[in-house]
There are 2 protein chains.
Amino acid sequence: MLSYTEENYLKALLKLSFQNEDKPEAGTNEMAAHLGVKPATATDMLKKLKEKELVNYKKYGKILLTESGKQQALEILRKHRLWETFLYDKLDFSWDEVHEVAEQLEHIQSAKLVDKLEEFLGFPEFDPHGDPIPKANGDLPVLEKILLSEVKEGEICQVVAVKDTSTVFLQYLEKLQITIGTAIKVLERIDFDGSMSIQISDEEARNVSMKFAESLFITLHHNICQQK
Amino acid sequence: MLSYTEENYLKALLKLSFQNEDKPEAGTNEMAAHLGVKPATATDMLKKLKEKELVNYKKYGKILLTESGKQQALEILRKHRLWETFLYDKLDFSWDEVHEVAEQLEHIQSAKLVDKLEEFLGFPEFDPHGDPIPKANGDLPVLEKILLSEVKEGEICQVVAVKDTSTVFLQYLEKLQITIGTAIKVLERIDFDGSMSIQISDEEARNVSMKFAESLFITLHHNICQQK
DNA sequence: AACATTTGTTAGGTAAGTCTAACTTTTATA
DNA sequence: TATAAAAGTTAGACTTACCTAACAAATGTT
Ligand SMILES: [Mn+2]
Ligand SMILES: [Mn+2]
Ligand SMILES: [Mn+2]
Ligand SMILES: [Mn+2]
């Protein structure tokens, strides 16, 4: 049985491995930063996780999840995203409130609870942020998504996920009335600074920065599973 | 903010204070036994809780919750019983499975979560064991209940709660098909050993021991809030 | 190749929560 | 009331997860 803290390290490593798409590995400092601890602390924990054969790691080398570590990390991510869906769908939490509470709920130990919760929610495939919810066997539903910044002029797309999950960004989205499923039409791309003029739903045109366009995942196919 | 462990000590003290009805106080050994730790450990924690003014305690003396400690303990009990109700009502957990998971869920920190959960469950007053769920302000719903052993011959009563919450007892109840709300008629009381002959719902007569009759709370009025 | 910067490790220390073993105080009983 | 038993405390030690400060290895830059 893993401790609360060990679980957080595994989940951090899984998330970093998603980010560094090419090579699913991470460094000590990167891990530490992600978890809000000092590098020395991460080194200690990594040695412990290596002992338990949850990560592959040697001194001064890169860190990689073992198969066992990956499965456990996926299970935690599964719980996190199911709980986020519960809070959003059933308890009327808003988009930017669910994460903090799910960070706690993801550590509840009960296989039955997770499976019953999934059933109660109707076997959702994506969480309120549009991220895929791992299945009980570890499979990840996939959704073809690209960044808003990659969309050509004149095309219409639909928001499926956020790349940046910071509260400031989520609140900015709320202000813009952008949520999972919102339709966006790219009116004009400004080469000068990477910004673009977009139309949100049926509202008036609006300019967004390159940073913004690179923080939002969309799909060109209108086939996503609406969250609400 | 209290730690997971501190919360468990406060809740234990509240439970013991319910048990020792006359004087709502407890001893160090009693606390330790209830929490599954050694008395020395309890002494340490009690000193810490005293520092935080959550308990009244002095060396070799009895332990009592302060008003602040009691409020916090009630809040934890509230969460525990709401979660038990959620697991039972919404996720089809059985009577004897809910407690273990609620022990973990009761420590989730989010005022909004508790209140939304209560609303989602329809403001239940009693948990699946028939125990009252503290309101947000700390008030406890009351239900006039007596032990099955106190019921006179010929009277019909209705199960409202269990005094013994051990798994063996709960499973025995399940076998007898006794649940919250089950009607029981006392057919005969045997003075010799305190056992009694009872009729459960509309089934055939059955003998139960004094120990059994003293472990089950019932109400003579048929006005309880059915759990399911 | 030499040096500077970044990255990662080690050593030593702290706080929370637990333990055992030895001790003290209170309570019960002969 | 003297003594035995029960209840409670203290001292010292362990584990987990964290820190700072000093050090070592790897990497990047002239
Ligand atoms: Mn999240
Ligand atoms: Mn999410
Ligand atoms: Mn319970
Ligand atoms: Mn209960």
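The structure presented is a predicted model; accordingly, all values stated were derived computationally and were not measured. Just so we're on the same page: letters track the sequence lines, and every chain starts at 1.
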Give the intermediate values and the outcome of side chain to side chain contact (heavy atoms under 4.5 Å, CB included) for residues Leu173(B) and Val159(B). CA-CA 11 Å; Leu173(B) 289 177; Val159(B) 176; over 6 Å; no
Determine, for Phe93(A) and Lys112(B), whether the Lys NZ or Arg CZ falls below 6.0 Å from the six-membered ring centre while staying within 45 degrees of the axis. yes
OP1 or OP2 of dT10(D) less than 4.0 angstrom from a side-chain nitrogen or oxygen of Lys47(B), does that happen here? yes
To the side chain of Val37(A), which of dC18(D), dG8(D), dT20(D) is closest? dC18(D)
Name every residue in residues 49-56 of chain B that has at least one heavy atom under 4.0 Å from any atom of DNA chain D, in order of residue number, or write none if there are no such residues. none
When the nearest nucleotide of DNA chain D is assigned to Met45(A) and to Lys59(A) on a heavy-atom basis, which residue is associated with the more 5' position? Met45(A)
Which of the following nucleotides, dT9(D), dT9(C), dC19(C), is nearest to the side chain of Thr41(B)? dC19(C)
Between Asp44(A) (CG) and dG12(C) (P), how many Å, whole number? 14 Å
Rounded interatomic separation in angstrom, taking NE2 from His34(B) and P from dG8(D): 15 Å
Salt-bridged, Arg81(B) to Glu106(B), with N to O below 4.0 Å? no
Would you please confirm or rule out a distance under 4.0 Å between OP1 or OP2 of dA7(D) and any side-chain N or O of Lys62(B)? no
Whole-Å distance separating the CD atom of Glu30(B) from the P atom of dT9(D): 13 Å
Checking contacts here: which listed nucleotide (dT7(C), dA7(D), dT9(D)) is nearest the side-chain heavy atoms of Pro39(B)? dT9(D)
Count the heavy atoms belonging to other residues, nucleotides or ligands that lie under 6.0 Å from NZ of Lys15(A), then report whether that count exceeds 12. yes
Look at the aromatic rings of Phe212(A) and Tyr172(A) and report parallel, tilted or perpendicular, splitting at 30° and 60°. perpendicular
Is it true that the side chains of Gln109(A) and Glu100(B) contain a donor and an acceptor less than 3.5 Å apart? no
When rounded to whole Å, the OH to P distance for the pair Tyr60(A) and dA26(D) reads 7 Å
Using a heavy-atom cut-off of under 4.0 Å over every strand shown, decide if Thr28(A) touches base, sugar-phosphate, or nothing. sugar-phosphate
Atom-pair distance (CG on Leu46(B); C1' on dA7(D)), nearest Å: 13 Å
From OH of Tyr57(B) across to C1' of dA7(D) the rounded distance in Å is 11 Å
To the nearest Å, give me how far apart NZ (Lys58(B)) and C1' (dA7(D)) are. 17 Å
Other residues, nucleotides and ligands only: do more than 12 of their heavy atoms fall within 6.0 Å of CD on Glu53(A)? no
List the atom of Lys90(B), the atom of Phe120(A), and the distance in Å for their closest heavy-atom pair. O-CD1, 3.6 Å
Looking for any heavy atom pair under 4.0 Å, which part of the strands does Ala42(A) touch: base, sugar-phosphate only, or nothing? nothing
Charged N-O contact under 4.0 Å between Glu75(A) and Lys70(A): no
Can you tell me if Lys52(A) has over 12 outside heavy atoms packed within less than 6.0 Å of its NZ? yes
How many whole angstroms separate atom CE of Met31(B) from atom C1' of dT9(D)? 15 Å
Which of residues 2-18 of chain A sit near DNA chain D, with a heavy atom under 4.0 Å from it? Ser3(A), Thr5(A), Tyr9(A)
